[in-house]
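All remarks here apply to the structure that follows.
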Amino acid sequence: MKTAIVYYSKHHGNTKKLIDAIAAKHEVTLIDATQTQSFDLREYDLIGFASGIYYSKFHKTVLEFAQKNLPGKKSVFFLYTYGRKMEGYTKVIREAVLEKSAQIKGAFGCPGFNTFGPFKLVGGIAKGHPDSDDTARALSFFENLIAHS
Ligand SMILES: Cc1cc2nc3c(=O)[nH]c(=O)nc-3n(C[C@H](O)[C@H](O)[C@H](O)COP(=O)(O)O)c2cc1C
């Protein structure tokens, strides 16, 4: 199954830790959405969109990448890290891929160290995350997903 993961991970490289755990065990094409704005995804069977959560959604580089490059009717999944757990972080990216008639296979989110704004004053929140448990859970999420795709 040919897989690509398009990502944005800048605040502390938190989301990239999840991706690296997956890429260490599986052949995956990694696409940094800050470096690549156009990419032909037609030959890929499974496409992941991965991001830290910025102002309650996936970073706009990933969103714009999906709007521009996702072919119709692809299988997709989401990976993300956040400072504070809340519902709805995948809403906007979900809507964007559904516009392309994508099949959403699943989503995995976990805490990621956050020192944005006032959190810096208290030494940040979600310190130490993603930890080895989080990356192991991300890997099994992915393995479960490809086993059933
Ligand atoms: C500008 C900015 C906005 C953020 N907005 C949110 C938010 O709305 N909700 C949240 O839970 N975390 C928020 N965070 C925390 C990040 O989602 C979290 O630290 C994430 O793990 C960063 O991922 P990255 O290191 O892969 O970029 C924000 C961080 C930054 C820098």
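In each ligand, atom 1 is the first atom listed, and ligand 1 is the first ligand listed. Keep in mind that the numbers below use all heavy atoms, side chains included, and drop hydrogens, waters and symmetry copies.
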Ring pair (Phe, Tyr, Trp, His ring centres under 6.0 Å) partners of Phe142, counting only residues at least two apart: His26, Phe77

If you have a sec, work out which protein heavy atom is nearest [atom] and how many Å separate them, to one decimal?
atom                    : answer
atom 5 (N) of ligand 1  : Tyr55 N, 3.0 Å
atom 20 (C) of ligand 1 : Thr81 OG1, 3.3 Å
atom 14 (N) of ligand 1 : Ile53 O, 3.1 Å
atom 25 (O) of ligand 1 : His12 N, 2.7 Å
atom 8 (O) of ligand 1  : Ser56 N, 2.8 Å
atom 12 (N) of ligand 1 : Gly83 N, 3.1 Å
atom 19 (O) of ligand 1 : Phe113 O, 2.8 Å

His11 contact mode with ligand 1 (heavy-atom cut-off under 4.0 Å): both

Residue part near ligand 1, for Tyr54, under 4.0 Å between non-hydrogen atoms: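 Both backbone and side chain.
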
Non-hydrogen atom of Tyr89 closer than 4.0 Å to ligand 1: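 Under 4.0 Å: yes for Tyr89.
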
Test side chain to side chain contact (heavy atoms under 4.5 Å, CB included) applied to Leu63 - qualifying residues, sequence neighbours left out: Gln67, Val92, Ile93, Ala96

Lys NZ or Arg CZ of Lys16 over Tyr7 ring: under 6.0 Å, within 45°: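 Geometry flag: set, cation within 6.0 Å and 45°.
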
Plane angle bin for Tyr80 and Phe58 - parallel if under 30°, tilted between 30 and 60°, otherwise perpendicular: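 Because their plane-to-plane angle lies in the 30° to 60° range, the rings of Phe58 and Tyr80 count as tilted.
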
Any side-chain donor near an acceptor of the partner, Thr81 and Thr15, under 3.5 Å: yes

Contact (N/O only, under 3.5 Å) between [X] and ligand 1:
X      : answer
Phe116 : no
Arg84  : yes
Thr15  : yes

Full working for salt bridge (Lys or Arg N to Asp or Glu O under 4.0 Å) between Lys17 and Asp20: CA-CA 5 Å; Lys17 288 181 188 158; Asp20 287 345; over 6 Å; no

Basic-acidic side-chain contact under 4.0 Å: Lys68, Glu64: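 No, Lys68 and Glu64 are not salt-bridged.
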
